[in-house]
Amino acid sequence: MSETFTIAIPMAGLGTRMRPQTWSKPKPLIHLAGKTVLDYVLNQFQSVPRFKDALFVLILGPNQEDQVIPYMREKHPDKKVRYVIQEEMRGQSDALYLAKEYLNGPMLMAFSDTLIETDLSFLDKETLDGIAWVKAVPDPRRFGVAEVTKAGHITRLIEKPKGIENNLAVVGFYYFKKGADLVAAIQQQLDEDISLNGEFFLVDAINLMIKAGAAMRAQPVDVWLDAGKPGALLETNRYLLENGNDNSAAAGKRKKVTIIPPVYVHPEAEIKNSVIGPHVSVSKDAVIENTILKNSIVEQGAMINNMVLESSIIGRSAAVRGRAEIMNIGDNSWIEI
């Protein structure tokens, strides 16, 4: 009988680039295109063999559990989930090592700000020890890159390369045939203190696996969405709205509202005398009046009045009133211009 997959998702220490949004909520709970980032992260695994039996291991920071755990229980009650707390931010490998009791058989690992479109149904037939999903990018220097043979086998991973000659970026999505092998490599990494500025990076543990004889290959991916920075989050929102995650037709039935598709407007949002779209996501209980809004995300309970906003993120229960601006407003803020 085939083994059940474990899906590990490190979430701790990923919020600094999304401030002020993440001062009051974990980054994976930011809404876009009708769902949270976390919903989209979980849904990308639906093609895993025996998905309904998969075990999800969420590795949280000490300030995330109060919101993530209740959210999972409410929105994903049928999923098998275990929670691990990373009290001290010591990097990706440390996060996974804390979850070692769950990482034995076949496993997948993805960071909680990484979204890809890929078919995982082949994994039962995969013969190699691991896979790293990759995508060619113009400038790979803020990512890790994979050095590969002509046959696509990985010889080494490099974290944040200095040059751009090798542009095969590692997207932060991995498969390991035996999670125990990864844990053993991380143990060696920790023992030998293979770290940078006090952080233990996953690529170093994978390099130890490859050096010890593990066979890994690169798996190209066409669609890689980043929810890690404000600009990238807005780009991801645009892509999702353009690819079947909008409700423009239903939103267009509202009176005294002009809808320019694609948009997602929660049925319980209140909008009056406004132009919404394109590429706008509006969450539950938001109130928008006398406003022109495009290429923006409006979180739950936010209030916007007499504004022209573009390329903006308005946090939960924030209030904005005034004139045309570009804004990134955190939760519970009040701005009057």
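Along the sequence shown, residues are numbered consecutively beginning with 1.
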Engineer: Is Ser296 reaching over with its side chain to a backbone N or O of Val280, donor-acceptor style, under 3.5 angstrom?
Structural biologist: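 Absent.
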Engineer: List the atom of Glu147, the atom of Asn166, and the distance in Å for their closest heavy-atom pair.
Structural biologist: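 Scanning both residues completely, I find the closest heavy atoms to be CG-ND2, 3.7 Å.
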Engineer: Could I get the full list of ring-ring contact (aromatic ring centres under 6.0 Å, His included) partners for Phe173, not counting sequence neighbours?
Structural biologist: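 Once residues adjacent in sequence are excluded, the partners of Phe173 under the ring-ring contact (aromatic ring centres under 6.0 Å, His included) criterion are Phe45, Trp133.
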Engineer: Linking I/L/V/M/F/W/Y whenever any side-chain heavy atoms sit under 4.5 Å apart, do Tyr239 and Leu241 land together?
Structural biologist: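 No, it is not one cluster - the side chains of Tyr239 and Leu241 are not joined through contacts under 4.5 Å.
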Engineer: Sub-3.5 Å donor-acceptor pair from the side chain of Ser121 to the main-chain atoms of Asp119, do we have one?
Structural biologist: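 Checking the backbone N and O of Asp119 against the side chain of Ser121, no donor-acceptor pair under 3.5 Å is found.
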Engineer: Would you check, one step at a time, whether the test salt bridge (Lys or Arg N to Asp or Glu O under 4.0 Å) holds for Lys52 with Asp78?
Structural biologist: CA-CA 8 Å; Lys52 291 183 179 180; Asp78 297 331; over 6 Å; no
Engineer: Do NZ/NE/NH1/NH2 and the carboxylate oxygens of Asp94 and Arg90 come within less than 4.0 Å?
Structural biologist: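 Salt bridge between Asp94 and Arg90, a charged N being under 4.0 Å from a carboxylate O: yes.
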Engineer: Do Thr291 and Asn306 have side chains that get closer than 4.5 Å, going by heavy atoms?
Structural biologist: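 They are not in contact (no side-chain heavy atoms under 4.5 Å apart), so the answer is no.
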Engineer: Just by distance, with hydrogens left out, do Asn295 and Ser311 show a side-chain donor and acceptor under 3.5 Å apart?
Structural biologist: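 The answer is yes; a qualifying pair exists.
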Engineer: Identify every side-chain donor-acceptor pair in residues 174-184 under 3.5 Å, counting partners at least two apart or on other chains, and give the distances.
Structural biologist:
from, atom 1, to, atom 2, distance (Å)
Lys177, NZ, Glu126, O, 2.8

Engineer: Is it the case that atom NZ in Lys75 sees more than 12 heavy atoms from other parts of the structure closer than 6.0 Å?
Structural biologist: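 No, the 6.0 Å shell around NZ holds no more than 12 heavy atoms from other groups.
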Engineer: Please determine whether residues Leu208 and Phe200 belong to a single hydrophobic cluster, defined as Ile, Leu, Val, Met, Phe, Trp and Tyr linked transitively by side-chain heavy-atom distances below 4.5 Å.
Structural biologist: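 Result: no, two separate clusters.
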Engineer: Determine whether Val84 and Leu58 make a side-chain contact, defined as any pair of heavy atoms from C-beta on separated by less than 4.5 Å.
Structural biologist: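 Result no, sub-4.5 Å side-chain heavy-atom pair not found.
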Engineer: Do Leu29 and Ile69 sit in the same hydrophobic cluster, where Ile, Leu, Val, Met, Phe, Trp and Tyr count as joined when their side-chain heavy atoms come under 4.5 Å apart?
Structural biologist: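 Cluster IDs for Leu29 and Ile69 match.
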Engineer: Identify whether the distance between the nearest side-chain nitrogen and carboxylate oxygen of Lys135 and Asp222 falls below 4.0 Å.
Structural biologist: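 The answer is no: the pair does not qualify as a salt bridge.
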Engineer: Looking at every non-hydrogen atom in both residues, tell me the closest pair between Val134 and Ala218 and how far apart they are.
Structural biologist: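 What the structure gives for the nearest pair is CG2-CB, 3.8 Å.
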Engineer: Suppose we call two aromatic rings close when their centres sit under 6.0 Å apart. Are Phe143 and Trp224 close by that rule?
Structural biologist: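 Phe143 vs Trp224: aromatic centres under 6.0 Å.
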Engineer: Would you name the heavy atoms of Gly277 and Lys294 that are closest together and state the gap between them?
Structural biologist: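 For Gly277 versus Lys294, the nearest heavy atoms are O-CB, 3.4 Å.
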Engineer: Any donor and acceptor pair, going by atom type alone, linking the side chain of Asn247 with main-chain N or O of Val265 inside 3.5 Å?
Structural biologist: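 Yes, the answer is positive, given that a donor and an acceptor are paired below the 3.5 Å cut-off.
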Engineer: Let me confirm one number: the OG1-CG distance from Thr236 to Asn245, rounded to the nearest 0.5 Å.
Structural biologist: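 CG of Asn245 is found 11.5 Å from OG1 of Thr236.
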Engineer: Where the side chain of Gln86 meets the backbone of Gly91, is there a donor-acceptor pair that is under 3.5 Å apart?
Structural biologist: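 At least one qualifying donor-acceptor pair exists.
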Engineer: From Ile297 CD1 over to Ser281 OG, what is the distance, rounded to the nearest 0.5 angstrom?
Structural biologist: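 Ile297 CD1 to Ser281 OG: 6.0 Å, rounded to 0.5 Å.
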Engineer: Looking only at the side chains, is there a donor atom on one of His279 and Glu242 sitting less than 3.5 Å from an acceptor on the other?
Structural biologist: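 Side-chain D/A pair, His279 to Glu242: present.
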Engineer: Has Ser274 got a side-chain atom pairing as donor or acceptor with Lys272's backbone, closer than 3.5 angstrom?
Structural biologist: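 Yes, the answer is positive, given that a donor and an acceptor are paired below the 3.5 Å cut-off.
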Engineer: Okay, side chain of Gln189, backbone of Ile194: is any donor-acceptor separation there less than 3.5 Å?
Structural biologist: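 Yes.
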Engineer: Hey, can you pull the donor-acceptor pairs under 3.5 Å for the side chains in residues 96-110, sequence neighbours left out?
Structural biologist:
from, atom 1, to, atom 2, distance (Å)
Tyr97, OH, Lys100, NZ, 3.1
Tyr97, OH, Gln187, OE1, 2.1
Asn104, ND2, Glu101, O, 3.3

Engineer: Below 4.5 Å, heavy atoms only, C-beta onward: do Val223 and Ile116 meet side chain to side chain?
Structural biologist: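 No, every pair of side-chain atoms sits at 4.5 Å or beyond.
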Engineer: How close do Gly315 and Ala302 get, counting heavy atoms only, and between which atoms?
Structural biologist: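 Looking at all heavy atoms of both residues, the shortest contact is O-CB, 3.5 Å.
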Engineer: Could you see if Val257 belongs to whatever hydrophobic cluster contains Tyr264? Use Ile, Leu, Val, Met, Phe, Trp, Tyr and a side-chain cutoff under 4.5 Å.
Structural biologist: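 In one cluster: no.
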Engineer: Taking Leu32's backbone N and O only, do any of them form a donor-acceptor pair with Asn237's side chain (distance below 3.5 Å, no angle check)?
Structural biologist: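 No, the answer is negative, given that no donor and acceptor are paired below the 3.5 Å cut-off.
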Engineer: Counting C-beta onward and ignoring hydrogens, is there a side-chain heavy-atom pair between Met307 and Leu293 closer than 4.5 Å?
Structural biologist: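 No, too far: nothing below the 4.5 Å cut-off.
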Engineer: Do you see a donor-acceptor pair shorter than 3.5 Å between the side chains of Tyr83 and Gln64?
Structural biologist: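 Distance-only check fails for Tyr83 and Gln64.
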Engineer: For Ala151, does its backbone N or O pair with a side-chain atom of Arg217 as donor and acceptor, under 3.5 Å?
Structural biologist: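 Checking the backbone N and O of Ala151 against the side chain of Arg217, no donor-acceptor pair under 3.5 Å is found.
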Engineer: Any Lys/Arg nitrogen of Asp113 or Lys27 sitting under 4.0 Å from an Asp/Glu carboxylate oxygen of the other?
Structural biologist: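 Lys27 and Asp113: salt-bridged.
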Engineer: Distance alone, cut at 3.5 Å: any donor-acceptor contact between the side chains of Asp39 and His76?
Structural biologist: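 Checked: Asp39/His76 side chains pair up, N/O donor to acceptor below 3.5 Å.
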Engineer: Grab the two heavy atoms, one from Ala286 and one from Val282, that are nearest each other, plus how far apart they are.
Structural biologist: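 Smallest interatomic distance, heavy atoms only, reads CB-CG1, 3.6 Å.
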Engineer: How long is the straight-line distance from CG of Leu240 back to CG of Leu225, given to the nearest 0.5 Å?
Structural biologist: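 That separation rounds to 6.0 Å.
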Engineer: Could you tell me whether the side chain of Tyr40 and the main chain of Ala33 form a donor-acceptor pair under 3.5 Å?
Structural biologist: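 Flag set: sc Tyr40 to bb Ala33 pair under 3.5 Å.
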Engineer: So Phe56 and Met72, do their side chains get closer than 4.5 Å, heavy atoms only?
Structural biologist: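 No - every pair of side-chain heavy atoms lies 4.5 Å or more apart.
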Engineer: Of all the heavy-atom pairs spanning Ser112 and Ile9, show the shortest one and how long it is.
Structural biologist: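 Closest pair (atom of Ser112, atom of Ile9, distance): CB-CG2, 3.8 Å.
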Engineer: With hydrophobic residues grouped by side-chain heavy-atom distances under 4.5 Å, do Leu128 and Met209 end up in a single group?
Structural biologist: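 As far as the 4.5 Å side-chain criterion goes, Met209 and Leu128 are not connected within one cluster.
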Engineer: Is a side-chain N or O of Asn305 found less than 3.5 angstrom from the main chain of Ile288, in a donor-acceptor match?
Structural biologist: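 No; zero donor-acceptor contacts below 3.5 Å.
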